[in-house]
Amino acid sequence: MKRRLQVMKFGGTSVGDASCMARTAQIIAQAARQNACVAVVSAMSGVTNRLIEAAKRAGAGDGSHGAVVLDTLRKQHSDALQALVNDESTRKSILKQLDEAFAEGRRLLEGTALLRELTPRTLDAISSLGERLSAPLVSGALRELGLQSEAVEATEVIVTDAFHGGAAPLMDATRAACHVRLWPLLDKGIVPVVTGFMGATPEGILTTLGRGGSDYSATILGAAMDAGEVIIWTDVDGVLTADPRLVSEARTIPVISYREAAELAYFGAKVLHPKTLNPVMQAAIPVWIRNSFAPERSGTMITPKGQSIGGGVKALTAIQDVALISVGGPGIVGLPDVVGRTFSTTSEVRASVLLISQSSSQNDICFIVSAADAQRTVEALRKEFAQDLAHEKVEHITVDTNIAIVAVVGENMRGTPGVAGRTFNALGRENVNLIAIAQGSSESNISFVVEEKAMKTALIATHREFKLDAAEPRSAAGSPAATK
Ligand code: ADP
Ligand code: ASP
Ligand code: MG
């Protein structure tokens with residue numbers, strides 16, 4: 001008989017040091033005693049940033065920084081191993097695994113420095129090393145607790161396209177790979193600890209899913225294995241009404257719909273990678289967000305249908321690392337295909353467009369992309385419109401990075417008049433200047449662009465206006481199997 005399957009993902013802070021890893025292992029062990037359980041882990045917190053920095057410096061010809069970073073990481077991981085695993089032979093075999101990853105990292109960084117060229121493919125191979133180091137440690141901690149466990153590299157189970165730095169999963173192939181690699185382990189009672197963040201093309205070339213992508217790894221596996229639920233363990237109590245680092249009054253939302261959570265993630269709520277919910281929506285697999293530092297709390301449940309609340313507004317989010325690009329000038333009035341050419345260019349460079357606004361005079365098309373996509377988007381647009389710029393049909397392509405998007409999210413805003421008016425009044429009272437506004441036709445979000453320095457004020461004012469700090473009752477929606 002197949003037991004219910006839980007996929008559990010642990011983020012960087014949940015595996016941040018040996019004591020966090022030990023707590024994580026306890027959570028997995030408790031769940032694995034009742035259900036079949038697949039764990040997905042991120043790199044220890046801060047490790048991916050350090051690896052990316054090392055890769056970039058190597059790409060600029062710095063031949064020594066990478067070695068220093070790898071030495072520090074080796075010490076950090078072997079210290080954690082020492083603290084977590086007492087059994088000598090387990091420790092030895094894990095250290096061997098770690099050293100293989102370090103040797104590969106060393107070769108990649110040296111080669112990059114020698115060539116002074118960092119390709120997206122090499123960056124993926126270097127930036128994903130952190131997950132390949134943390135998974136064997138968590139697996140070792142589980143064995144220390146008496147469970148059978150094996151660290152599995154996601155290159156063996158998540159099959160993706162070849163878009164390095166933001167690969168998309170190929171679900172049929174992933175499903176087949178899970179049958180070959182993960183189900184046999186579960187059938188033998190072995191808990192797989194899978195590296196988050198990465199996958200591989202059908203040819204076996206390592207790819208990554210994008211920064212923060214381990215959430216996505218968990219739901220990809222959850223969907224591919226028909227899991228009963230996916231639990232994302234992190235360092236906050238769940239999805240909150242706003243980022244608690246910006247709004248101290250933010251509180252945990254007990255139940256939220258896929259659509260609402262997806263809107264929040266899309267507009268920057270870091271607690272979820274923007275694509276996290278895509279794989280599980282069709283099969284309606286519930287996703288829980290829970291606090292690995294307070295596992296007794298039940299967290300947030302993300303379900304197909306959320307729970308309605310009075311005011312309609314459920315949560316706020318803001319995104320800072322964005323750029324406003326405008327393509328315009330009076331000359332574009334006579335160019336009917338400017339919109340089409342602009343957005344086929346953004347799609348060619350795979351820039352994700354977060355918000356679009358066009359003035360009625362058609363003098364300007366403004367849109368917002370994430371800051372990481374801005375440079376290549378502008379370069380591609382300048383190329384696309386080179387002739388028009390030369391003939392001044394298009395006068396300018398400009399970028400402004402000193403802006404932020406604030407989004408007001410809630411499915412029940414549909415049919416609740418006055419949400420936009422109340423938001424703008426609240427912002428007006430605080431003298432926050434609105435640069436652009438957009439409302440999705442689904443009416444489950446209203447987003448507005450403000451100057452970056454006004455973002456926090458805008459969030460606090462809107463949070464107060466909609467009384468989002470008031471307690472919301474937990475419904476009878478249930479609790480995750482792990483706590484039953
Ligand atoms: P992990 O390492 O577990 O993946 P992240 O740092 O990626 O964790 O995401 C969790 C963080 O997301 C929280 O510490 C919190 O600061 C931030 N965050 C932003 N918006 C929200 C929100 N609406 N609800 C909860 N957390 C949020
Ligand atoms: N370690 C990766 C990152 O920092 C993936 C993740 O944490 O989800 O982006
Ligand atoms: Mg994250």
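Both counts, for ligands and for their atoms, begin at 1 and track the order of listing. No hydrogens, no waters, no symmetry mates; every other heavy atom, side chains included, goes into these values.
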May I ask you to identify the nearest protein heavy atom to [atom], giving residue, atom name and distance to one decimal place in Å?
atom                    : answer
atom 6 (O) of ligand 1  : Lys270 NZ, 2.9 Å
atom 21 (C) of ligand 1 : Asp243 CA, 3.8 Å
atom 14 (O) of ligand 1 : Asp235 OD1, 2.8 Å
atom 23 (N) of ligand 1 : Leu240 O, 3.0 Å
atom 6 (C) of ligand 2  : Ser214 OG, 3.3 Å
atom 7 (O) of ligand 2  : Ser42 OG, 3.3 Å
atom 25 (C) of ligand 1 : Gly238 O, 3.3 Å
atom 16 (O) of ligand 1 : Arg245 NE, 2.9 Å
atom 4 (O) of ligand 1  : Lys9 NZ, 3.0 Å
atom 1 (N) of ligand 2  : Glu131 OE2, 2.6 Å
atom 26 (N) of ligand 1 : Val271 CB, 3.5 Å

So between Thr300, Thr234, Leu316, Ile256, whose heavy atom ends up nearest atom 10 (C) of ligand 1?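 Among Thr300, Thr234, Leu316, Ile256, the closest heavy atom to atom 10 (C) of ligand 1 belongs to Thr234.
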Under 3.5 Å, is there a donor-acceptor pair between the [X] and [Y] side chains?
X      : Y      : answer
Thr160 : Thr207 : yes
Arg259 : Asn445 : no
Ser444 : Glu263 : yes
Ser257 : Glu260 : yes

Contacting atoms of ligand 1, where contact means under 4.0 angstrom from a heavy atom of [X]:
X      : value
Ala269 : 20 (N)
Val239 : 24 (N)
Gly12  : 2 (O)

Closer than 4.0 angstrom: is that true for some heavy atom of Thr317 and an atom of ligand 1?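 Flag not set, Thr317 not near ligand 1.
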Which atoms of ligand 2 sit under 4.0 Å from any heavy atom of [X]?
X      : answer
Phe197 : 2 (C), 5 (C)
Thr48  : 1 (N), 2 (C), 3 (C), 4 (O)
Arg211 : 3 (C), 4 (O), 9 (O)

Are Gly130 and ligand 2 in contact, using a heavy-atom cut-off of under 4.0 Å?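 No, Gly130 has no heavy atoms under 4.0 Å from ligand 2.
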Heavy atom of Gly213, distance to ligand 2 below 4.0 Å: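 Contact present.
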CG of Asp321: more than 12 outside heavy atoms within 6.0 angstrom?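 It does not: Asp321 CG has 12 such atoms or fewer within range.
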Exceeds 12 heavy-atom contacts within 6.0 angstrom, atom CZ of Arg121: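 Open: at most 12 neighbouring heavy atoms sit under 6.0 Å from CZ of Arg121.
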Measure from the side-chain N and O atoms of Ser217 to the backbone N and O of Phe197, and report whether any donor-acceptor pair falls under 3.5 Å.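 Yes, the answer is positive, given that a donor and an acceptor are paired below the 3.5 Å cut-off.
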Are the charged groups of [X] and [Y] less than 4.0 angstrom apart, N to O?
X      : Y      : value
Asp373 : Arg350 : no
Lys305 : Glu411 : no
Asp226 : Arg175 : yes
Lys75  : Asp71  : no

Yes or no on salt bridge (Lys or Arg N to Asp or Glu O under 4.0 Å) for Arg132 and Glu100, after CA distance, side-chain angles and deciding distance? CA-CA 10 Å; Arg132 296 173 59 199; Glu100 275 163 17; over 6 Å; no
Please state which part of Arg251 comes within less than 4.0 Å of ligand 1, counting heavy atoms only: side chain, backbone, both or neither.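 It is neither part, as no heavy atom is under 4.0 Å.
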Side-chain contact, heavy-atom cut-off 4.5 Å: Phe448 with Leu355?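 Side-chain contact under 4.5 Å: no.
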For ligand 1 and Thr241, I'd like to know whether there is a polar contact (N/O to N/O, distance under 3.5 Å).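 Checking ligand 1 against Thr241, no N or O pair falls under 3.5 Å apart.
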Angle class for the His77/Phe102 ring planes (parallel below 30°, perpendicular above 60°, tilted otherwise)?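 Plane angle over 60°, so perpendicular.
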